[in-house]
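First the proteins, then the strands, lettered A, B, ... as listed; each starts at 1. Everything numeric in this text was worked out from a predicted model, so none of it was measured.
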Protein chains: 2
Amino acid sequence: MARKRITPGKIRLAEVAKLAGVSPITASRFFRNPEALSAGKRARVESAAKELGYVPNLAARALASQRTEVIGVLIPSLTNNVFSDVLRGIYDALDGSRYSIQLANTRYSILQEERLLRLFLAQKPAGLIITGINQTADSRRIMETVDCPIVQIMEVGPSPIDMMIGFSHFDAAKAAIAHLLAQGYRRIGFLGARMDPRVQRRLDGYRSAMTDTGLFDPQLIVTTAIPTSVTLGGTLFADLLAKAPDIDAVFCVNDDLALGALFECKRRHMAVPEQIAIVGFNDLEFMASSEPTLSSVRTNRYEMGRNAAVMVIETLEGRRPAEPVVDLGFSVMERQSSARRN
Amino acid sequence: MARKRITPGKIRLAEVAKLAGVSPITASRFFRNPEALSAGKRARVESAAKELGYVPNLAARALASQRTEVIGVLIPSLTNNVFSDVLRGIYDALDGSRYSIQLANTRYSILQEERLLRLFLAQKPAGLIITGINQTADSRRIMETVDCPIVQIMEVGPSPIDMMIGFSHFDAAKAAIAHLLAQGYRRIGFLGARMDPRVQRRLDGYRSAMTDTGLFDPQLIVTTAIPTSVTLGGTLFADLLAKAPDIDAVFCVNDDLALGALFECKRRHMAVPEQIAIVGFNDLEFMASSEPTLSSVRTNRYEMGRNAAVMVIETLEGRRPAEPVVDLGFSVMERQSSARRN
DNA sequence: CAATCGCTTGGTAGCGCTGTCAATATCAGT
DNA sequence: ACTGATATTGACAGCGCTACCAAGCGATTG
């Protein structure tokens with residue numbers, strides 16, 4: 001004989017319904033769609049729930065309704081402060097809503113991403129936020145067949161799986177180089193780390209700008225697969241100087257590298273921007289307060305995360321955004337480190 | 001009449017059991033405690049599960065077993081890169097395990113923390129990781145009655161709720177000041193932002209060290225409730241100089257402030273460390289590669305997160321750590337910015 | 001050889017909630 | 001007053017899994 005597992009003190013929906021004098025199903029509706037109840041019952045259920053301190057059992061709800069209120073988030077790194085800004089936006093947008101976040105780290109591997117994707121989707125998430133536009137063919141196929149809102153973040157490109165929010169890394173890098181060119185710099189080096197797809201597109205933007213003006217020279221490019229750091233910025237800058245001692249500017253694919261390059265300049269007593277101009281990417285907070293202040297390409301990371309989450313929620317609530325692809329743009333913050341040479 | 005909701009194609013535990021030629025309950029046991037099965041059945045269930053691509057339904061499992069495999073994590077900030085290191089440690093430790101993370105941001109409010117705590121505990125988490133040792137009395141009471149492993153992280157102190165891992169912020173700050181004193185600095189300023197409980201304890205450590213040597217002077221202390229930033233470091237340092245122009249060193253409660261102070265020194269053409277020594281706190285990556293390199297107090301944030309998660313898992317699996325309170329210590333990284341004056 | 005023991009396996013029921021549909025109450029229109 | 005339409009409410013069963021208990025079975029023991 002199987003046991004009776006009844007937990008005596010626990011407050012279930014049935015208890016709330018009983019106190020409110022309605023059927024359990026009506027009480028259930030109160031929590032999911034209050035408008036469907038008459039004002040009287042609505043008030044009764046509400047006060048009964050409050051009186052008993054009722055908290056719905058999410059597992060039971062998920063099992064019965066065959067869906068969850070969890071939004072899966074796949075990002076490539078927890079270290080990179082770019083993603084912590086995005087995450088903050090996502091968490092802020094979901095704060096106070098019924099939805100929660102399940103986060104996973106792909107470690108910049110699209111195979112790992114595919115594995116995590118399968119894991120997530122098996123639990124029927126309410127929505128999905130995924131980084132970038134470079135997924136495996138299988139990942140794409142899986143996501144296209146699944147029935148939940150999906151937002152690709154960090155960049156925009158052709159053929160979104162569902163929705164998309166970001167900016168063009170190619171254009172952003174190109175604009176940074178255009179700024180340096182406009183300031184009169186000609187031998188502009190490129191420093192890149194990690195070289196994930198978005199960094200690659202920044203390199204493409206750099207190459208395009210340099211080629212357009214006939215200034216392209218492969219000697220000006222230094223890249224590595226190593227993850228970024230300030231220290232690495234100094235090292236790469238030193239490498240660049242060794243390869244191309246005549247550079248007059250350097251574009252760094254992120255601000256950590258730019259800061260590292262700045263420190264390396266100081267160590268070598270090279271004047272910034274007189275001898276070397278420096279431009280970074282992302283416009284982290286410290287760029288505006290360094291000495292000299294560092295130019296950078298501002299990207300709207302917090303807004304990106306926030307809007308991505310909002311897009312998912314709106315879709316879930318039947319108010320799908322009119323425009324599935326949102327380009328948040330960027331702006332080149334021109335500061336002392338790349339000021340016009342005299 | 002109610003409907004039959006049977007989903008035809010779906011692979012449930014029953015299908016796996018059927019293919020393996022065992023009862024559903026035996027298949028269930030395979031996933032929870034493989035050792036309980038005979039080798040033959042174990043192999044049969046395993047291959048059946050793989051063949052069908054079975055993925056357990058976590059909601060059903062949670063409902064039936066009355067517990068989840070979710071570890072709740074309460075941290076005060078998503079912006080602060082100190083916490084991103086801790087989080088990375090937690091995620092790494094849980095990677096590949098059956099447990100997942102539910103993260104929430106208390107925004108440095110213990111009332112918010114209490115609210116989130118109630119929310120979490122209502123879902124019966126497998127474990128809990130919570131920041132700091134300053135919880136509301138109600139929070140403490142709730143946590144003491146709940147039956148799951150709890151780890152308080154970031155600092156150590158008396159009367160842990162359950163387990164604890166961190167270090168003494170008081171001792172760490174005191175050691176930093178001791179280092180400056182040993183180097184011959186006497187008028188040592190203090191820069192503090194946010195002033196959460198841990199920062200307060202660093203201030204206490206500073207005060208203690210200064211008082212011990214008869215050098216304490218309230219004019220040397222500049223604090224603010226504003227969240228930290230590099231820019232703020234510059235501003236606070238300027239404030240400090242206005243209050244106490246004769247300072248010869250400054251201890252900053254974190255590295256962002258230290259970097260801001262360094263830039264402010266450069267702007268004012270004050271030589272570091274000749275005129276002003278600078279010591280930060282946390283030893284973020286950039287401290288070792290700035291120019292001059294910046295002294296700091298190294299804290300083991302990644303290890304803290306990792307070990308906290310491991311402590312939770314070990315407890316869940318019946319191997320409770322012998323020592324419930326772990327002091328991870330710290331080390332003063334003595335670099336150029338606080339080198340002995342000539 | 002019966003009694004006992006430990007290991008493995010299975011049957012039954014139920015975890016707490018919601019989807020489906022039917023039933024009832026309410027209301028406007030003729 | 002009656003019909004049909006609409007707004008509310010309720011009954012039922014079942015979502016997929018596991019807790020509990022019992023039974024089967026070979027090995028051990030006196």
Between the opening five pairs and the closing five pairs of the helix from C:dC1-D:dG30 to C:dT30-D:dA1, how far apart are the helix axes, to 10°?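 Taking the rotation axis at each end, their angle is 30°.
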Just to be sure I understand the rule, does [X] reach a base, reach only the sugar-phosphate, or reach nothing, if contact means heavy atoms closer than 4.0 Å?
X: A:R67; answer: sugar-phosphate
X: B:R32; answer: sugar-phosphate
X: A:F30; answer: nothing
X: B:A59; answer: nothing

Test of understanding: with side chain to side chain donor-acceptor pair (under 3.5 Å), list the residues that count as partners of A:T26, not counting sequence neighbours.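 A:S23.
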Using whole Å, what does the distance between atom [atom2] of nucleotide [N] and atom [atom1] of [X] come to?
X: B:R61; N: C:dG16; atom1: CZ; atom2: C1'; result: 18 Å
X: A:N57; N: C:dT18; atom1: CG; atom2: C1'; result: 12 Å
X: A:E69; N: C:dC17; atom1: CD; atom2: C1'; result: 12 Å
X: B:I25; N: D:dC20; atom1: CD1; atom2: C1'; result: 9 Å
X: B:N33; N: C:dT9; atom1: CG; atom2: P; result: 12 Å
X: A:L63; N: C:dG14; atom1: CG; atom2: P; result: 16 Å
X: B:L58; N: C:dC15; atom1: CG; atom2: C1'; result: 16 Å
X: A:R42; N: D:dT9; atom1: CZ; atom2: C1'; result: 14 Å

If you only use heavy atoms from C-beta on, which nucleotide in [options] is closest to the side chain of [X]?
X: A:R29; options: D:dG10, C:dG10, C:dG19; value: D:dG10
X: B:T26; options: C:dC17, C:dT9, C:dG16; value: C:dT9
X: B:K41; options: C:dG10, D:dC17, C:dG19; value: C:dG10

Does a side-chain N or O of A:Y54 approach OP1 or OP2 of C:dG16 to a distance below 4.0 Å, or not?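 Checking C:dG16 against A:Y54, no side-chain N or O comes under 4.0 Å of OP1 or OP2.
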In plain terms, say whether A:E113 and A:R107 are close enough for a salt bridge, that is, a side-chain N and a carboxylate O under 4.0 Å apart.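 Salt bridge absent between A:E113 and A:R107.
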If each of B:G21 and A:L13 is mapped to the nucleotide of DNA chain C with the nearest heavy atom, which maps nearer the 5' terminus, i.e. the 5' end?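 It is B:G21, whose closest nucleotide lies nearer the 5' terminus.
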Apply ring pair (Phe, Tyr, Trp, His ring centres under 6.0 Å) to B:F167 and list each qualifying residue two or more places apart in sequence or on a separate chain.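 Ring pair (Phe, Tyr, Trp, His ring centres under 6.0 Å) list for B:F167, sorted by chain: B:H169.
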Looking only at the side chains, is there a donor atom on one of B:S28 and B:R32 sitting less than 3.5 Å from an acceptor on the other?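 Yes, because at least one side-chain N or O of B:S28 sits under 3.5 Å from a partner of the opposite role on B:R32.
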